[in-house]
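Take a look at the structure set out below.
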Amino acid sequence: MKKIGIIMGSDSDLPIVEKAINTLKEFEVPFEVHVYSAHRTPVEAKDFAENARKNGFGAIIAAAGMAAHLAGAMAANTTLPVIGIPVSSKWFGGMDALLSTVQMPSGMPVATVAIDGAANAALLAIQMLAITDDALAEKLDAKRKSGAETVLAKNAKIEEQYNA
Ligand code: RP5
């Protein structure tokens, strides 16, 4: 199976990124985690993206806050799919990172999830791998089913409380 690369701009992003790590673990999808910054360690960030395909990666998740150029910098140096996680910060609540991540120029796509949406970033990466992996697709189906059952159980509780 291809690996997922998880890159974060700072170790301060880890509490958010852990949601992606835990989701990949749940699905038993192999991954690597690195701290590379588009601004502070641009050489290492570029090197990772340039070599990611030949190093066995299938997609890259890039998490960054503030002037969040990391996902775009990854995309500039690979044709693997890049998923951006805009990480929230205290000043603008993550709107700065959201716009920096999502507003890519034409020809250079970054699939951007919600602010701090790390679990969805992992799920999207897994869905990409599942295009050619039926066992992984079955796991995704099972996860959707259990998610629906959880919501229906909550619905039943609320219906009983208010509609009796
Ligand atoms: C970004 O700046 C990082 O992704 C992080 O979200 C933010 C703040 O970094 P630190 O100052 O906490 O290292 O590059």
Side-chain angles (χ1 to χ4, degrees), residues 1-133 136 139-140 143-144 147 150:
M1 193 188 294
K2 298 276 190 196
K3 293 180 285 185
I4 302 300
I6 304 179
I7 315 299
M8 66 197 101
S10 167
D11 63 346
S12 67
D13 300 318
L14 187 58
I16 297 302
V17 169
E18 273 176 337
K19 291 184 282 179
I21 292 171
N22 291 338
T23 302
L24 292 175
K25 280 184 182 168
E26 180 189 339
F27 281 84
E28 297 175 303
V29 168
F31 61 86
E32 280 184 23
V33 186
H34 301 276
V35 177
Y36 295 138
S37 163
H39 308 113
R40 294 162 172 160
T41 58
V43 174
E44 288 78 4
K46 181 172 184 274
D47 185 62
F48 178 86
E50 273 179 350
N51 294 300
R53 187 183 294 276
K54 83 165 189 289
N55 285 338
F57 292 92
I60 296 172
I61 294 170
M66 301 174 72
H69 301 134
L70 183 61
M74 288 285 134
N77 290 294
T78 183
T79 54
L80 289 176
V82 175
I83 303 165
I85 306 170
V87 176
S88 61
S89 59
K90 61 185 174 187
W91 297 279
F92 300 101
M95 189 57 76
D96 46 356
L98 173 63
L99 296 178
S100 302
T101 305
V102 78
Q103 285 292 79
M104 288 296 293
S106 60
M108 204 56 61
V110 165
T112 304
V113 296
I115 295 167
D116 295 343
N120 266 359
L123 286 170
L124 185 53
I126 293 164
Q127 288 178 201
M128 290 168 181
L129 297 187
I131 291 169
T132 55
D133 186 327
L136 206 48
K139 283 188 189 177
L140 285 164
K143 174 91 172 168
R144 287 276 175 102
T150 302

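Counting starts at 1 for both ligands and their atoms, in listed order.
In this structure, R40 is part of the shell of residues with a heavy atom less than 4.0 angstrom from ligand 1.
At a 3.5 angstrom cut-off on N or O pairs, S37 does not count as close to ligand 1.
Protein heavy atom at the shortest distance from atom 13 (O) of ligand 1 is S10 OG, 2.6 Å. Of the protein's heavy atoms, M66 SD, 3.8 Å lies nearest to atom 8 (C) of ligand 1. Here the protein heavy atom with the shortest distance to atom 3 (C) of ligand 1 is D13 OD2, 3.4 Å.
The aromatic rings of H34 and F48 sit tilted, their planes meeting at an angle between 30° and 60°.
Contacts with ligand 1 closer than 4.0 Å are made by side-chain heavy atoms of S12 only, the backbone lying farther away.
Using a 4.5 Å heavy-atom cutoff, the side chains of I61 and L124 are not in contact. At least one side-chain heavy atom of E26 sits less than 4.5 Å from a side-chain heavy atom of K143.
Using a distance-only test at 3.5 Å, with no hydrogens or angles considered, a donor-acceptor pair links the side chain of K19 to the main chain of D116.
A donor and an acceptor atom, one from each side chain of T79 and R53, are located under 3.5 Å apart.
In this comparison of G65, A67, A63, G9, the heavy atom closest to atom 1 (C) of ligand 1 sits on G65.
For ligand 1 and A64, the ligand atoms under 4.0 Å from any heavy atom of the residue are 4 (O).
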Handout entry: Verdict with supporting geometry, M128 and I83, side chain to side chain contact (heavy atoms under 4.5 Å, CB included)
Key = CA-CA 11 Å; M128 290 168 181; I83 303 165; 3.9 Å; yes
